[in-house]
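Position 1 is the first residue of the sequence; numbering continues from there.
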Amino acid sequence: MTRSAKIARQTNETQINISLNLDGEGQSTVDTGVPFMNHMLDLFIKHGLFDGVITANGDTDIDDHHTTEDLGIVLGQVVRKALGDKKGIRRYGHAFVPMDDALAEVFIDCSDRPHLEFRAELPQAKVGTFDTELVHEFLWKFALEARINLHVVVPYGHNTHHIIEAIFKAMARALDEAVQIDPRVKGVPSTKGVLG
């Protein structure tokens with residue numbers, strides 16, 4: 001069974017359309033109007049072995065904030081919808097990803113209890129024209145809407161681009177692990193009988 005979902009969101013600030021297949025092969029089409037996020041979301045899909053189409057049109061003439069934030073919201077909603085009742089999933093995932101000078105660790109619990117723990121220093125305020133503080137904004141909105149527990153730890157790194165890229169790759173691999181179906185899991189993986 002293919003686990004996929006599609007969501008469109010339109011506000012006065014942005015128009016976002018995302019479709020995602022959790023059981024894909026890493027095929028991606030991304031066009032957000034924010035070049036750096038195009039790069040990050042493309043590698044997120046590829047390294048998570050998802051299939052996805054992400055398009056966005058936002059008020060980037062002001063800055064990239066609204067588009068980046070809303071991308072996090074909609075991507076989180078799509079992941080949650082694609083997961084459905086979460087029966088049979090592994091629930092937990094983790095990944096360590098090096099990117100040249102940087103190392104990122106990401107831990108995910110598809111718990112239905114959203115939380116972001118972000119332990120990363122981004123040395124530069126901008127990568128190209130992209131405000132790096134928006135990485136936290138994106139991740140928090142993604143975790144909130146996907147209803148996952150997301151821990152991001154960067155123990156070291158000098159190049160800001162490398163640090164952020166390592167985070168997105170590690171998040172993709174951790175999420176891929178967490179959403180995998182384990183035939184040994186009967187129902188939802190919780191002693192409470194429900195996630196949340």
Side-chain angles (χ1 to χ4, degrees), residues 2-22 24 26-48 50-86 106 108 110-118 120 122 124-152 160-161 163-165 167-172 174-175 179 195-196:
T2 299
R3 296 170 299 160
S4 61
K6 182 176 183 178
I7 291 179
R9 169 186 164 99
Q10 182 163 344
T11 71
N12 290 334
E13 297 165 343
T14 64
Q15 296 82 46
I16 312 284
N17 290 276
I18 298 179
S19 63
L20 191 73
N21 174 7
L22 296 175
Q27 302 299 314
S28 75
T29 301
V30 181
D31 182 10
T32 69
V34 181
F36 188 74
M37 286 305 295
N38 289 348
H39 180 37
M40 293 303 108
L41 292 170
D42 179 55
L43 60 84
F44 171 79
I45 291 170
K46 282 183 168 50
H47 286 269
F50 312 125
D51 289 337
V53 177
I54 300 175
T55 60
N57 183 23
D59 56 0
T60 54
D61 55 314
I62 298 172
D63 64 13
D64 296 335
H65 184 102
H66 295 141
T67 301
T68 303
E69 178 181 31
D70 287 4
L71 283 165
I73 290 170
V74 179
L75 184 61
Q77 291 171 344
V78 166
V79 167
R80 185 180 182 196
K81 186 176 178 182
L83 272 173
D85 59 15
K86 299 182 181 177
V106 172
I108 287 177
C110 295
S111 62
D112 218 32
R113 295 188 306 274
H115 179 78
L116 172 65
E117 198 66 39
F118 187 76
L122 302 177
Q124 299 297 321
K126 285 186 176 290
V127 173
T129 61
F130 183 79
D131 294 319
T132 57
E133 68 178 6
L134 295 178
V135 172
H136 183 279
E137 189 72 23
F138 174 88
L139 294 175
W140 165 230
K141 293 304 172 20
F142 174 70
L144 182 65
E145 295 296 335
R147 297 194 63 80
I148 63 173
N149 202 295
L150 174 61
H151 290 240
V152 176
T160 304
H161 185 131
I163 292 169
I164 298 169
E165 185 165 331
I167 290 170
F168 273 80
K169 288 177 177 176
M171 183 171 70
L175 183 64
V179 304
L195 289 170

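Residues F118 and I167 have side chains in contact (heavy-atom distance under 4.5 Å, counting atoms from C-beta outward). Contact check for L71 versus I16: side-chain heavy atoms found under the 4.5 Å cut-off. Contact check for F36 versus I164: side-chain heavy atoms found under the 4.5 Å cut-off. Side-chain contact check for E137 versus T68: every heavy-atom pair is 4.5 Å or farther apart. Residues V152 and M171 have side chains not in contact (no heavy-atom distance under 4.5 Å, counting atoms from C-beta outward). Side-chain contact check for L134 versus E69: every heavy-atom pair is 4.5 Å or farther apart.
Ring orientation note: the planes of H39 and H161 are tilted relative to one another, at an angle of 30° to 60°. Ring orientation note: the planes of F50 and F44 are tilted relative to one another, at an angle of 30° to 60°. Taking the six-membered ring for Trp and thresholds of 30 and 60 degrees, F142 and F138 have nearly parallel ring planes, at less than 30 degrees apart.
Nearest heavy-atom pair, A82 versus A5, reported as atom, atom and distance to 0.1 Å: N-CB, 3.7 Å. Nearest heavy-atom pair across V106 and A174 is O-CB, 3.7 Å. Scanning both residues, V179 and C110, for their nearest heavy atoms gives CG1-SG, 4.4 Å. M37 and T32 make their closest contact through CB-OG1, 4.1 Å (heavy atoms, listed as atom of the first residue, atom of the second, distance). Across all their heavy atoms, R3 and N21 have their closest contact at O-OD1, 3.4 Å. Across all their heavy atoms, T67 and A56 have their closest contact at CG2-CB, 4.0 Å.
Using modelled atom types, no side-chain atom of T14 and backbone atom of H66 make a donor-acceptor pair closer than 3.5 Å. A donor-acceptor contact shorter than 3.5 Å is absent between the side chain of D131 and the backbone of E133. A distance-only check finds no donor-acceptor pair linking the side chain of S111 to the backbone of I148 [under 3.5 Å].
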Trace of the side-chain hydrogen bond (donor to acceptor under 3.5 Å, both in side chains) decision for T55 with D31:
CA-CA 5 Å; T55 60; D31 182 10; over 6 Å; no
Could you check K86 against D112 for side-chain contact (heavy atoms from CB on, under 4.5 Å), going step by step and ending with a plain yes or no?
CA-CA 10 Å; K86 299 182 181 177; D112 218 32; 3.7 Å; yes
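Here the CG-CD1 distance, from L75 to I18, works out to 5.0 Å after rounding to the nearest 0.5 Å. The distance from atom CG of D51 to atom NZ of K46, rounded to the nearest 0.5 Å, is 10.0 Å. Of the inter-residue distances, the one linking D42 atom CG with Q27 atom CD reads 10.5 Å to the nearest 0.5 angstrom. In this structure, CD on Q10 lies 11.5 Å from CG on D70, to the nearest 0.5 angstrom. Distance check, rounded to the nearest 0.5 Å: CG of L116 to NE2 of H136 gives 4.5 Å. Remark: D59 CG to N12 CG distance equals 10.0 Å, nearest 0.5 Å.
Here H151 pairs with H115 under the ring-ring contact (aromatic ring centres under 6.0 Å, His included) rule; sequence neighbours left out. Applying the side-chain hydrogen bond (donor to acceptor under 3.5 Å, both in side chains) criterion to K6, with sequence neighbours excluded, gives no partner residue.
A salt bridge links K169 with E165: the closest approach of a Lys/Arg side-chain nitrogen to an acidic carboxylate oxygen falls below 4.0 angstrom.
Counting non-hydrogen atoms of other residues, nucleotides and ligands closer than 6.0 Å to CD of E117 gives a total above 12.
Every pair tested for salt bridge (Lys or Arg N to Asp or Glu O under 4.0 Å) that includes a residue from residues 32-41 fails, sequence neighbours excluded, so the list is empty.
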